[in-house]
Amino acid sequence: MAESYDFRAVERKWQDRWEREGLYRAREDASREKYYVLEMLPYPSGDLHVGHAKNYALGDAIARTMRMLGYNVVHPMGWDAFGLPAENAAIARGIDPATWTAENIRNMQRQVRLMGTSYDWSREVATCEPEYYRWNQWLFLRLYEKGLAYKREAPVNWCPRDRTVLANEQVIDGRCWRCDSLVERRNLSQWFLKITDYADRLLADLERLDGWPERTKTMQRNWIGRSEGAQLRWQIEGSDASFETFTTRIDTLYGATFVVLAPEHPAVDAIKTIVSKKNAAAIDAFALSLKSKSELERTSLMEKEGIFTGAYAINPLSHEHVPVWIANYVLADYGTGAVQGVPAHDERDFEFAKKHALPIAKVIVPKGGDPAEPLEAPYTGEGRLIASADFSGMASERARGAIVERLHAMGLGRKAVNLRLRDWLVSRQRYWGTPIPIVYCERCGEVPLTDEALPVLLPPGVHFTGEGSPLAQLASFVETSCPRCGGAARRETDTMDTFFESSWYYLRYLDAHGESAPWRRERSDYWMNVDQYIGGAEHAVLHLLYSRFFYKVFADSGWVSGSDEPFERLFHQGMVLYNGEKMSKSRGNVIGIDETAATNGVDAMRLFLLYVTPPEDTSDWTDEGISGRVRFVNRVWRACEPFFERAGAVPIRELPPLETADEKALVRALHVALKSTIDEATTRRFHFNTTVAKFDELVNAMTAAAANMPHSLATLYAAHALPVAIAPFAPHIAEELWERFGHATSVHLERYIAPDERALAVDEITLVVQVNGKIRARIPALPGISEEDAAAMALQHDHVRAHVEGKAIRKRIYVQDKLLNVVVS
RNA sequence: GGGGAAGUGGCGGAAUGGCAGACGCAGCCGCCUCAAAAGCGGCCGAGGCAACUCAUGUGGGUUCGACUCCCACCUUCCCUACCA
């Protein structure tokens, strides 16, 4: 009696053996073409669910296919191990963050192995290990030397719950990206990385990233937010003080009827000294009312609130005196923190002017019709200028150039480029991160540590109260000596944003245990770039922008050669729902790796995740759906089982004799599946859902063959070839079948079987015959049939004749072996 | 407000200019069985006895031919937003 397939024992057996034999270890080999496939490094949060599994099933299928196609594949894995959850666990439950993190890593690593993934574990890194973060510190010092890391006081985002500052990229809708608290603005002295120096290149080089999704590139473009315009200086009437405005529409300057400053603008202090006590008090009250408001409340207020300061500013060209306002909608840290108000030509200015009864009808760029008519709505388009002194008559475009030129000659303005992108705030007032390698000396001030002093280790024995920066409270850490003068000094107690670590980890994988440098050039020269990067779209402006920035710095420094972009091709996988709902611990509907591996098996899980949708789409995990793949795995076993003793002798690198139609169809189904695997992997479409469907058809054919032609060489051939064909998707059953067929070496060391044109060819085609584009007949024919023969056959067909007879044939369209269209009238 | 993606059977989806609905799930029928499960085989968009007709969100267009390309609209999802 046949034994049934015991997936638990088989999966266990092969995972252990692969591990023992180091089957997936990658080594540099200049004679072979390399392929670097990488999935975004995970945060060790505790447990893997099928959402993670989808990502790894996809990456692993790609890695295994490319390996079997002969590429030297590197497929590493590691842990983004610093970060707040570990520290919050420490506060809540008194567990050492290092212990908590190590336990999670151990568990998740076990689960990743349980998936039967082909990672090279000799390259594993955890970013919280000193051997990793010392290079973080090393890189920080290099950035510091280049002037790309600097400390300055600035208004920053402060999360009151997490008690730390956040980068702009980590504030979502005015809320903390981790805990959802409303973010406050605080003036603090903080460390920044000068990503704005690279804004132009980060923007321009997006054009070259052909292998990136368009939407991701668009998001980066919008995030960088480069706009070209002009900056000009306004003198405040009755004061020495002045301020600058930025505008993209300098052509409408003659239409300015007011100007607006941000309440925090430095010029507001000067204004308070020249206006009445009453006005000054009102300014203070208005500023205070905003200060107590969160960023979200302030920016999502659709009402434009503002007050007149009592002061006037002088339009540098028209010399008109216009009132100076302060308002909530002008942001201190965008542009110059001051704007010109041109109600006739700007939606927002129009709305503000209407609300506060400011003059509106100052049309500079008429839309057409009578410019004297009262304005219903602002005209924001371009046109020919009026009422603009000697610029009148010019088109908007030309006027912008001419006006900037005039202002420049007067020393009051210039062309300017404004960015939305801010420098990257990288310091955090938390413990579980890389200490910043800087000390503060009473005599020398801010002093970087020397390379020999690295790593600055995170001290153990810290007391977590949730109050204040933990490192700052530890005197033994803080008190040190100055590397320059030897005098007393205090250490920087901030740690780095964890995005610092993840901006270069893909390089550390290539030299994971190197002790002389973060990575050696000869390693990166061989392996970089990442050929295929796979991860969620939520990192579009965080990790993916920071990594590009770092890599450009590395390229400029000569630490890597070739391209200055790290990720050749990028793929965003979709998320996984359960019965149409988002999985979450609170809902209690999380499908964990452990439970599904135990009940369904890992091969079935991997197949299902690839099969249910194209990988970029959202997939829905259902119990019925997974049971379909469990059935499939069992059918694969049953289709091969009768041939364990016999199939191993039939060669799989040459076609068997194909005598009957069934034999041809069976072998063809195999080669169609082989071709699909290779096509999806190498065209980088990764729609393995269609590939798995081809395997369904193959196994259907094999099931019939096992019953109807158990002695055919074609049947034995297909059975013997199946484990090789399916190895990238169901690695365990593939390996077990391969062994049962009598092989002593791993199926995963086999070359993939090349699809054979003779096997793919068909003996008979169905010729579709259309008359005027409507299908009138389907005629069986021989492949390669000529147009003349096809037409002759078609016209013999009753249905075709009925539609053609008595009409003139105007045209014939013939698609070889597919279709004939007869056009009549 | 701006940007992006997508709309195909009961469901997930396939077809990217040439036979719409591959493959799976669910459902129905049969075989096997004392019976059930499993397994195996068959049916499975709508209308029609049928030959056939209709059908890929809506309306137009391009084409011999459109799920596929173009334009407009509707709907859904995602991202982003007082950006000067």
Side-chain angles (χ1 to χ4, degrees), chain A residues 4 172-173 213-219 221-223 225-227 229 231 245-249 259-260 262 298-305 327-331 333-342 346-349 351-352 418-420 537-538 540-541 572 574-575 580 607-608 611-614 616-629 631-632 634-635 638 685 687 689-700 703-704 707 765-775 777-778 798-799 802 810-825:
Chain A
S4 66
I172 312 208
D173 274 344
E214 205 49 51
R215 62 175 166 143
T216 306
K217 291 191 280 185
T218 303
M219 280 169 75
R221 272 185 208 108
N222 291 343
W223 189 261
R226 186 179 193 276
S227 56
Q231 216 157 294
T245 55
F246 172 80
T247 178
T248 53
R249 291 298 303 273
V259 291
V260 189
R298 182 168 158 184
T299 55
S300 66
L301 277 176
M302 292 317 286
E303 280 301 305
K304 285 169 184 39
E305 299 295 344
N328 57 354
Y329 73 88
V330 178
L331 307 174
D333 57 0
Y334 184 77
T336 57
V339 297
Q340 60 179 25
V342 185
D346 183 277
E347 299 273 0
R348 206 185 31 201
D349 295 346
E351 201 186 315
F352 189 74
N418 195 41
L419 293 175
R420 211 188 85 108
E538 67 274 16
V541 290
H572 293 308
M575 58 179 186
L607 286 163
F608 178 68
Y611 181 64
V612 65
T613 41
E616 65 272 26
D617 290 358
T618 299
S619 6
D620 194 12
W621 183 279
T622 60
D623 298 337
E624 296 80 21
I626 181 67
S627 70
R629 290 304 98 190
R631 272 201 282 276
F632 170 78
N634 288 328
R635 296 187 81 208
R638 278 197 305 273
R685 194 174 77 132
H687 283 201
N689 53 322
T690 60
T691 304
V692 177
K694 307 281 191 252
F695 276 102
D696 272 330
E697 293 187 69
L698 171 60
V699 173
N700 286 344
T703 301
I765 54 129
T766 303
L767 188 70
V768 175
V769 182
Q770 297 181 332
V771 179
N772 285 351
K774 282 209 182 293
I775 295 161
R778 298 183 172 92
D798 289 349
H799 290 155
R810 288 255 169 272
K811 202 173 172 183
R812 244 174 20 201
I813 284 106
Y814 182 58
V815 181
Q816 183 68 50
D817 289 354
K818 275 192 175 161
L819 172 136
L820 178 76
N821 187 11
V822 184
V823 184
V824 298
S825 65

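The sequence lines fix the lettering, A, B, ..., with proteins before strands; numbering per chain opens at 1.
The shortest distance between the side-chain N/O atoms of A:Asn700 and the OP1/OP2 oxygens of B:C40 is not below 4.0 Å. Residue A:Lys811 has a polar side-chain atom (N or O) positioned under 4.0 Å from OP1 or OP2 of B:C64. At the phosphate of B:A6, neither OP1 nor OP2 sits under 4.0 Å from any side-chain N or O atom of A:Arg215. Dashed line: the shortest gap from a side-chain N or O of A:Arg635 to OP1 or OP2 of B:C40 is under 4.0 Å. Taking side-chain N and O atoms only, A:Arg221 has no distance below 4.0 Å to OP1 or OP2 of B:U80. Listed pair A:His572 / B:C78 fails the phosphate criterion, with no side-chain N or O lying under 4.0 Å from OP1 or OP2. Taking side-chain N and O atoms only, A:Tyr611 has no distance below 4.0 Å to OP1 or OP2 of B:G24. The phosphate of B:C25 (OP1 or OP2) has no side-chain N or O of A:Arg629 nearer than 4.0 angstrom. For the pair A:Asn689 and B:G24, the criterion of a side-chain N or O lying under 4.0 Å from OP1 or OP2 is not met. In this model, the phosphate group of B:G1 is not approached by any side-chain N or O of A:Arg348 to a distance below 4.0 Å at OP1 or OP2.
Comparing B:A5 with B:C83, their P atoms sit 23 Å apart, to the nearest whole Å. With both ends at atom C1', the span from B:C64 to B:C73 equals 29 Å, rounded to whole Å. Atom C1' of B:C77 sits at a distance of 15 Å from the matching atom of B:G57, rounded to the whole Å. With P as the reference atom, B:G18 and B:U68 are 11 Å apart, rounded to whole Å. Rounded to whole Å, the P atom of B:U8 lies 15 Å from the corresponding atom of B:C69. Taking atom C1' in both B:A66 and B:G61, the straight-line distance is 11 Å, to the nearest Å. The gap from the P atom of B:G4 to that of B:A38 amounts to 50 Å, rounded to the nearest Å. B:A15 and B:U56 have their C1' atoms separated by 11 Å, with the value rounded to a whole Å.
In this structure, NZ of A:Lys694 is placed 9 Å from P of B:C23, rounded to the nearest angstrom. A:Arg812 has its CZ atom 13 Å from the C1' atom of B:C64, to the nearest Å. Atom NE2 of A:His687 and atom C1' of B:A15 are 13 Å apart (whole Å). For A:Arg420 and B:C82, the CZ to C1' distance is 12 Å, given to the nearest whole Å. Remark: C1' of B:C64 and NZ of A:Lys818 are 17 Å apart, rounded to the nearest angstrom. Taking atom NZ of residue A:Lys217 and atom P of nucleotide B:G3, one finds them 18 Å apart after rounding to whole Å. Remark: C1' of B:A6 and CG of A:Asp617 are 9 Å apart, rounded to the nearest angstrom. Distance CG (A:Asn634) to C1' (B:C40): 14 Å, rounded to an integer number of Å.
Of the candidates A:Asp346, A:Val260, A:Asp349, A:Thr247, A:Thr247 is the only one forming a side-chain contact (heavy atoms from CB on, under 4.5 Å) with A:Gln340.
Within the 4.0 angstrom heavy-atom criterion, no nucleotide atom of any strand lies near A:Arg226. When heavy atoms are screened at a 4.0 angstrom cut-off, A:Leu819 is found touching base atoms of the nucleic acid. Residue A:Glu697 is in sugar-phosphate contact alone, with no base atom involved, counting any heavy-atom pair closer than 4.0 Å across all strands shown.
A 3.5 Å limit on both hydrogen-bonding distances identifies no Watson-Crick or G-U partner for B:A66. Using Watson-Crick or G-U wobble geometry with both donor-acceptor distances under 3.5 Å, B:A50 finds no partner in any strand shown. Under the Watson-Crick or G-U wobble criterion, with both distances below 3.5 Å, B:A35 is left unpaired in every strand shown. In this structure B:G17 sits in no base pair that meets the Watson-Crick or G-U test at under 3.5 Å. The partner of B:G27 is B:C43, judged by Watson-Crick or G-U wobble contacts that both fall below 3.5 Å. With both pairing distances under 3.5 Å, B:A5 is matched to B:U76 as a Watson-Crick or G-U wobble pair.
Annotation: side chain of A:Val612 is not in contact with side chain of A:Asn689 (no heavy-atom distance under 4.5 Å). Using a 4.5 Å heavy-atom threshold, the side chains of A:Leu820 and A:Arg812 count as touching. For the pair A:Thr613 and A:Thr618, the minimum side-chain heavy-atom distance is 4.5 Å or more.
The closest donor-acceptor contact from the side chain of A:Asn418 to the backbone of A:Ser227 lies at 3.5 Å or more, if one exists at all. Using a distance-only test at 3.5 Å, with no hydrogens or angles considered, a donor-acceptor pair links the side chain of A:Asn328 to the main chain of A:Glu305.
Counting only heavy atoms from C-beta on, A:Leu331 has its side chain closest to B:A84 among B:C52, B:A84, B:A15. Residue A:Arg638 has its side chain nearest to B:C40 when only B:C23, B:A84, B:C40 are considered. For A:Thr613, taking side-chain heavy atoms from C-beta onward, the closest of the listed nucleotides B:G18, B:A84, B:G12 is B:G12. In the set B:C23, B:A14, B:C19, B:C19 carries the atom at the smallest distance from any side-chain atom of A:Val768. Set against B:C19, B:G24, B:G3, the side chain of A:Asn222 has B:G3 as its closest nucleotide. Of the candidates B:G18, B:C83, B:C19, B:C19 carries the atom nearest the A:Arg778 side chain, counting heavy atoms from C-beta on. Here the side chain of A:Asn821 is nearest to one of B:G24, B:A26, B:C64, namely B:C64. Taking every side-chain heavy atom of A:Thr247 into account, B:A84 is the closest of B:A81, B:C82, B:A84. When the nucleotides B:C79, B:G18, B:A26 are ranked by their closest atom to the side chain of A:Met219, B:C79 comes out on top. Here the side chain of A:Arg685 is nearest to one of B:G24, B:G18, B:A15, namely B:A15.
Map A:Val815 and A:Thr218 each onto its nearest nucleotide of RNA chain B; the residue landing nearer the 5' end is A:Thr218. Along RNA chain B, the nucleotide nearest to A:Pro614 and the one nearest to A:Gly225 differ in position, and the one closer to the 5' end is contacted by A:Pro614.
Under the 4.0 Å criterion applied to side-chain N and carboxylate O atoms, A:Glu351 and A:Arg348 are not assigned as salt-bridge partners.
A pairwise comparison of heavy atoms in A:Trp223 and A:Val541 identifies CB-CG1, 3.5 Å as the closest pair.
Under a cutoff of 6.0 Å and an axis angle of 45°, A:Arg629 and A:Tyr611 form a cation-pi pair. Annotation: cation-pi geometry not satisfied between A:Arg635 and A:Phe632 (NZ/CZ under 6.0 angstrom from ring centroid, within 45° of ring axis).
With hydrogens and angles left out, the side chain of A:Glu347 and the base of B:G1 share no donor-acceptor pair within 3.5 Å.
Using a 90° window around 0 for the glycosidic torsion, B:G9 falls inside it and is classed as syn.
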